[in-house]
Amino acid sequence: MKRALEWQIATVRAVRPETPEVKTLTLALPDWTPHRPGQHYDVRLTAADGYSAQRSYSVASEPERRGEIDITVERIANGEVSPFLDDTVAVGDRFEVRGPIGGYFVWDRSIGGPLLLVAGGSGVVPLMAMLRHRAVAGVANPARLLYSARAYEQIIYGEELETLAKKNGLAVAYTLTRGQPEGWKGYTRRIDDAMLKEVSEPLGRQALAYVCGPTALVEVAADGLERVGLPADRIRTERFGPSGS
Ligand SMILES: Cc1cc2nc3c(=O)[nH]c(=O)nc-3n(C[C@H](O)[C@H](O)[C@H](O)COP(=O)(O)OP(=O)(O)OC[C@H]3O[C@@H](n4cnc5c(N)ncnc54)[C@H](O)[C@@H]3O)c2cc1C
């Protein structure tokens, strides 16, 4: 089996828009190995003059899909790598990746148990890998997702989450922090302790929590979960970037 940290050349097999600022790329990997949901790959882009830039992207797909992975990339204004992946990359393009990487922010059927997922923006990506695996593997553990997005149009995987809620017993709560469609019944504020309490309580104190998103959101949510009664060693976090927006 290939060592996880060697670079290999991925070929873009498909490009799918998710929201106006987010795209999913399906990457065919010559040396594919199954990941654990929550793990990421490093992407390395190298320009003709030799300059290269490297960033991490979580695997969005479930490990049951062999030979390829999905990554879902949010375009960060003025970013070096994400606008290229979102705006320029096309089917057939090739670039370097290495992975899967990470052993702490992972969940699979062997861990099981009540599952609490808290996402901000593209922080939903590694959590989606967990939920897709949960559905494909037929795990019937209680699972809840609290997902914070700026607006309805910026919810990633919205339709699929609806299906998972209907067919796989997933409870999904959204909070839209900067604008809501008419008749919106979800939350309308930034994540706070009261919201965390409402969403986490039905799972009890033995829930395992995974929190992912912009650094500021992760800190608020992880601290809040402790304040509402979850033991610190049951809360796992992944920070995607420096911004709190
Ligand atoms: C383990 C891990 C997994 C990740 N998984 C994903 C993923 O699945 N999908 C995804 O879209 N991103 C993910 N990221 C973030 C990703 O690695 C890049 O940081 C992001 O795409 C920005 O890169 P860039 O080159 O476009 O911007 P840069 O050129 O690095 O930064 C441009 C500006 O944006 C700010 N910035 C950087 N990152 C962010 C951010 N995430 N949010 C807001 N502002 C930011 C910088 O401070 C800077 O001011 C992950 C990060 C980590 C550490």
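Reckoned from all heavy atoms, side chains included, excluding hydrogens, waters and symmetry mates. We count ligands from 1, going down the list as the structure has it; atoms in each ligand are counted the same way. Start at 1 with the first residue, then count along the sequence.
- More than 12 heavy atoms of other shown residues, nucleotides or ligands fall within 6.0 angstrom of atom CG in Asp87.
- Between Asp70, Val43, Ile76, it is Ile76 that holds the heavy atom closest to atom 40 (C) of ligand 1.
- For ligand 1, the polar-atom distance check finds an N/O of Val81 within less than 3.5 Å of one of the ligand's N/O atoms.
- Backbone and side-chain nitrogen or oxygen atoms of Glu80 are examined, and one is located within less than 3.5 angstrom of a nitrogen or oxygen of ligand 1.
- By the 6.0 Å contact criterion, CZ on Arg227 is enclosed, its count of non-hydrogen atoms from other residues, nucleotides or ligands being greater than 12.
- A salt bridge links Arg55 with Glu80: the closest approach of a Lys/Arg side-chain nitrogen to an acidic carboxylate oxygen falls below 4.0 angstrom.
- Considering backbone and side-chain N/O of His40, none are found under 3.5 Å from N/O of ligand 1.
- Taking any N or O of Ser58, backbone or side chain, at least one lies under 3.5 Å from an N or O belonging to ligand 1.
- Contact analysis leaves Arg75 out of contact with ligand 1, as no non-hydrogen atom separation drops below 4.0 angstrom.
- In this structure, of Ser56, Cys212, Ala53, Ala60, the residue bringing a heavy atom nearest to atom 14 (N) of ligand 1 is Ser56.
- Using a cutoff of 4.0 Å between basic side-chain nitrogens and carboxylate oxygens, Glu74 and Arg150 are scored as salt-bridged.
- Among residues two or more places apart in sequence or in another chain, the ring-ring contact (aromatic ring centres under 6.0 Å, His included) test is passed with Tyr187 by none.
- Some N or O of Thr72 is nearer than 3.5 Å to an N or O of ligand 1, by distance alone.
- With Glu21, Arg239, Arg55 as candidates, the residue nearest to atom 53 (C) of ligand 1 on a non-hydrogen basis is Arg239.
- Contact analysis puts Pro83 in contact with ligand 1, with a non-hydrogen atom separation below 4.0 angstrom.
- Counting Ile, Leu, Val, Met, Phe, Trp and Tyr side chains that sit under 4.5 Å apart, directly or through other members, Val43 shares a hydrophobic cluster with Val12, Val15, Leu25, Leu27, Leu29, Trp32, Tyr41, Leu45, Tyr57, Val59, Ile69, Ile71, Val73, Val81, Phe84, Leu85, Val89, Val91, Phe95, Val97.
- Only the side chain of Val125 comes within contact range of ligand 1, with a heavy atom under 4.0 Å; no backbone atom does.
- Residue-ligand proximity, Glu238 to ligand 1, at heavy-atom distances under 4.0 Å covers atoms 1 (C).
- Ionic pairing of Arg13 and Glu68 is present here: one or more N-O contacts between side-chain nitrogen and carboxylate oxygen are shorter than 4.0 angstrom.
- No donor-acceptor distance shorter than 3.5 angstrom exists from the side chain of Asn168 to the backbone of Leu170, with no hydrogens or angles considered.
- Atom CZ of Arg189 has more than 12 neighbouring heavy atoms from other residues, nucleotides or ligands inside a 6.0 Å radius.
- Atom numbering of ligand 1 starts at 1 in the shown order; those under 4.0 Å from a heavy atom of Val73 are 11 (O).
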